[in-house]
Amino acid sequence: MTNLLTEAPAEKGAPSRRTNMLVRKDGLELPRGRRWWREVGWRHMVGLAGVAFAGFPVLYIISAAFNPLGSVATTELIPTTFSLVNFETLLGGSKGPYGTWYLNTLVLCTVVSVAQVLLSTLAAYAFSRFRFYGRRGGLLALLLVQMFPQFLAIVALFLMIAKFGEVVPAIGLNTLAGYALVLMGGALGQVWLIKGFFDSIPHELDEAARIDGAGHFRTFTSVILPLITPVLAVTGLLAFVAVIGEYILASIFLTDNGVKTLAVGMFGIIAGDRSNNLGVFAAGSVMIALPVLILFLYLQKFIVGGLTAGSVK
């Protein structure tokens, strides 16, 4: 019979009898010395390198935005002087109607992101919960369409919107409604992501709702929809950011100053003089980031709250 020898626990806060291990006050042993660098330390270094790589352009843009000279040669990573002259120039309208571009972008982002999330959610619910002829083919068709970027159909889209404008001028070229319709072509782009979330919800919830007399719409809105809040928040944020950064299609369909988006208008500012307009461009970029930051902070509680509620259930 093997004798089982028990070792007395190490004193709290003192080095463990095991080599290169330190015992915390709660009794947990942690590596130290070379073993710490080999097991944990290099991960910290990689994380710090990633933070520095991601933070460098952000700090540079912020520094350029508050630099009164506003040129490439005089901009430093750590700003030494602070001034709001670039923001005053931008909002003053001397470089273009920035306020109009800002409002156009917010309206487009809100309308398109809400429509995309709504239509993708309805389609994902149908593909996940219903069984019908062509279901598998429809899912594969959606996946196949997403493999090709939208700008490959620029010529066809341009001709289509131009023809629409001859019949209904409100949805033709140089109109926000026409450009929004073009962006709606990707309204079902989030179906696969949302469908995967739907598939993780037990079907017993649907059956229980039907036993209580709820139809498909009531089951969707009252039972299923509250459980998929995290994925709705993520898809809405992704759609919002995608519309803000979209430039190729916007530069083709929106050419008048009164209907331009921020991406097109800001590119026109920097294209005129890339060196001396850097400060104004950076100030506009900082202001563009504010809606995204606010939206992320607002949606973060829904994402974390939904995940926490799911784990408790």
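Just so you know, these numbers use all the heavy atoms, side chains as well, and skip hydrogens, waters and symmetry mates. Along the sequence shown, residues carry numbers from 1.
- No path of Ile, Leu, Val, Met, Phe, Trp and Tyr side chains, each step under 4.5 Å between heavy atoms, connects L176 with V114, placing them in separate hydrophobic clusters.
- At distances below 3.5 Å, at least one donor-acceptor pair connects side-chain atoms of T235 with backbone N or O atoms of L232.
- At distances below 3.5 Å, at least one donor-acceptor pair connects side-chain atoms of S251 with backbone N or O atoms of I248.
- Going from atom CG of L295 over to atom CD of Q300 covers 11.5 Å, rounded to the nearest 0.5 Å.
- The side-chain heavy atoms of L144 and L140, taken from C-beta on, include no pair separated by under 4.5 Å.
- Here the closest non-hydrogen pair linking A177 and I171 is CB-CG2, 4.0 Å.
- Across every non-hydrogen atom of G258 and T100, the tightest pair is O-CG2, 3.4 Å.
- Judged by distance alone, the side chains of S83 and N67 never bring a donor and an acceptor atom under 3.5 Å apart.
- Atoms CD1 and CG, from I161 and N174 in turn, are 12.0 Å apart once rounded to the nearest 0.5 Å.
- For the ring pair (Phe, Tyr, Trp, His ring centres under 6.0 Å) test, no residue two or more places apart in sequence or in another chain qualifies with F240.
- By the 30° and 60° cut-offs, the orientation of the rings of Y98 relative to Y102 is tilted.
- Note: the hydrophobic cluster containing M184 also contains V259 (ILVMFWY, side chain heavy atoms under 4.5 Å, direct or indirect links).
- The nearest pair of heavy atoms linking Q116 to L183 is NE2-O, 3.6 Å.
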Step-by-step side-chain contact (heavy atoms from CB on, under 4.5 Å) determination, V234 to L299: CA-CA 8 Å; V234 171; L299 294 178; over 6 Å; no
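- Between the E246 side chain and the L249 main chain, a donor and an acceptor come within less than 3.5 Å of each other.
- Transitive grouping of hydrophobic side chains (ILVMFWY, heavy atoms separated by less than 4.5 Å) keeps V46 and V51 in distinct clusters.
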Can you list, pair by pair, the side-chain donor-acceptor contacts under 3.5 Å of residues 124-132, counting residues two or more places apart and other chains?
from, atom 1, to, atom 2, distance (Å)
S128, OG, D199, OD1, 2.6
R129, NE, D206, OD1, 3.3
R129, NE, D206, OD2, 3.0
R129, NH1, F198, O, 3.0
R129, NH2, I201, O, 3.1
R129, NH2, D206, OD1, 3.3
R131, NH1, S128, O, 3.1

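- Nearest heavy atom pair, residue N257 against residue P97, reads O-CG, 3.9 Å.
- Using a 4.5 Å heavy-atom threshold, the side chains of I269 and L90 count as touching.
- Follow the hydrophobic side-chain contacts under 4.5 Å out from F217 and you never reach V117; the two are in separate clusters.
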Check against side-chain contact (heavy atoms from CB on, under 4.5 Å), F253 and T175: CA-CA 8 Å; F253 291 94; T175 61; over 6 Å; no
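- Ring to ring, F267 and F281 are not that close: their centroids are 6.0 angstrom or more apart.
- Contact of the M160 side chain with the L157 side chain is registered, since non-hydrogen atoms from C-beta on lie closer than 4.5 Å.
- Hydrophobic clustering keeps I62 apart from I294 (ILVMFWY residues linked when any side-chain heavy atoms are closer than 4.5 Å, directly or through intermediates).
- Residue A282 comes nearest to A65 through the heavy atom pair CB-N, 3.6 Å, listed as atom of the first residue, atom of the second, then distance.
- In this structure, the side chains of M266 and I288 come closer than 4.5 Å at one or more pairs of heavy atoms.
- Counting heavy atoms from C-beta on, the side chains of T121 and I228 come closer than 4.5 Å.
- Screening residues 156-178 for ring-ring contact (aromatic ring centres under 6.0 Å, His included), with sequence neighbours left out, gives no hits.
- Taking every heavy atom of both residues into account, V264 and A250 meet most closely at CG2-CB, 3.5 Å.
- A side-chain contact (heavy atoms from CB on, under 4.5 Å) with L108 holds for exactly one of L103, T261, L262; it is T261.
- Distance check: E207 CD to T219 OG1 gives 11.0 Å after rounding to the nearest 0.5 Å.
- In this structure, CD1 in I194 is found 5.0 Å from OG in S120, a value given to the nearest 0.5 Å.
- Two residues are said to be in side-chain contact when any heavy atoms from C-beta on lie closer than 4.5 Å; L142 and W192 meet this criterion.
- Taken to the nearest 0.5 Å, the CG atom of N86 stands 12.0 Å off from the CE atom of M287.
- Counting heavy atoms of neighbouring residues, nucleotides and ligands inside a 6.0 Å radius, atom CZ of R135 exceeds 12 of them.
- Between T105 and K260, the closest side-chain pair of non-hydrogen atoms is not below 4.5 Å.
- Here R218 contributes atom CZ and L225 contributes atom CG; the two are 12.5 Å apart, rounded to the nearest 0.5 Å.
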